[in-house]
Amino acid sequence: LLQTACSVPVAQDMVVKIAWTCVAGLVFGLILDKVGYLISTFLFMTAMMFITNGRRTLYNAAIGLVFALSTYGLFFGLLDVSLPRGILAF
């Protein structure tokens, strides 16, 4: 356990998960324009599912795919917001 400034013990695995979440967010930001919204969001959400949900590969990938497609449909279709297309220029 680690001690924080307010003397609340923090489990080391929680610190590791926070660090991996920060890394995933930075990678997402770096690849978003080049790779595009759909692929970047799929990779980010799948990574987040692995960080929080463990090694349920098919389930994590399915959630990542559903999230990426549904948010793309929401922003592009309903709200008419332009999202980075990246390598999937359609």
Side-chain angles (χ1 to χ4, degrees):
L1 295 177
L2 300 172
Q3 294 287 39
T4 61
C6 59
S7 298
V8 176
V10 177
Q12 187 172 359
D13 68 319
M14 185 63 71
V15 174
V16 170
K17 286 181 180 182
I18 291 170
W20 278 115
T21 299
C22 291
V23 169
L26 287 172
V27 170
F28 175 76
L30 291 173
I31 68 170
L32 181 61
D33 282 335
K34 292 181 182 178
V35 177
Y37 179 82
L38 279 175
I39 295 173
S40 299
T41 303
F42 167 72
L43 293 174
F44 175 73
M45 285 306 299
T46 302
M48 293 306 303
M49 290 300 293
F50 274 107
I51 291 167
T52 59
N53 196 29
R55 296 182 178 216
R56 297 173 62 187
T57 307
L58 186 59
Y59 179 79
N60 294 343
I63 296 295
L65 182 63
V66 168
F67 183 84
L69 291 173
S70 62
T71 55
Y72 182 82
L74 176 70
F75 282 103
F76 188 74
L78 292 175
L79 300 175
D80 200 28
V81 175
S82 178
L83 297 169
R85 294 176 188 230
I87 58 175
L88 297 178
F90 56 85

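Throughout, numbering of the chain's residues begins at 1 and tracks the sequence.
Counting all heavy atoms, side chain and backbone alike, Ala68 lies closest to Phe42 at CB-N, 3.8 Å.
Listed by chain and residue number, nothing satisfies the side chain to side chain contact (heavy atoms under 4.5 Å, CB included) test with Val66 (two or more places apart in sequence, or in another chain). Scanning for side chain to side chain contact (heavy atoms under 4.5 Å, CB included) contacts around Ile39 gives Val35, Leu43, Ile87, Leu88, with sequence neighbours left out. A search for ring pair (Phe, Tyr, Trp, His ring centres under 6.0 Å) contacts involving Phe44 returns Phe28, not counting sequence neighbours. Residues forming a side chain to side chain contact (heavy atoms under 4.5 Å, CB included) with Leu79 (at least two apart in sequence, or on another chain): Leu74, Phe75, Val81. With sequence neighbours left out, the side chain to side chain contact (heavy atoms under 4.5 Å, CB included) criterion links Thr21 to Met48, Ile51.
The side chain to side chain donor-acceptor pair (under 3.5 Å) analysis of residues 25-50, with sequence neighbours excluded, yields the pairs Tyr37-Thr71. Applying the side chain to side chain donor-acceptor pair (under 3.5 Å) test to every pair with at least one member in residues 59-68, sequence neighbours left out, gives these pairs: Asn53-Asn60.
Atom CG of Asp80 sits in a sparse spot, with 12 or fewer heavy atoms from other residues, nucleotides or ligands closer than 6.0 Å.
Applying the under-4.5 Å side-chain rule to Ile, Leu, Val, Met, Phe, Trp and Tyr, the cluster around Phe50 consists of that residue alone. In this structure, Leu58 shares a hydrophobic cluster with no other residue, the cluster being traced through Ile, Leu, Val, Met, Phe, Trp and Tyr side chains under 4.5 angstrom apart.
Hydrophobic clustering, with ILVMFWY side chains joined whenever heavy atoms are under 4.5 angstrom apart, groups Trp20 together with Ile31. A single hydrophobic cluster is not seen to contain both Leu26 and Val16; linkage of ILVMFWY side chains at heavy-atom distances under 4.5 Å, directly or through other members, places them apart. Taken together through direct or relayed side-chain contacts under 4.5 Å among Ile, Leu, Val, Met, Phe, Trp and Tyr, Leu30 and Val27 form parts of separate hydrophobic clusters. The hydrophobic clustering, which links ILVMFWY residues whose side-chain heavy atoms are closer than 4.5 Å, places Leu32 and Leu83 together.
Atom-to-atom distance recorded for Met45:CE and Ile63:CD1 is 8.0 Å, nearest 0.5 angstrom.
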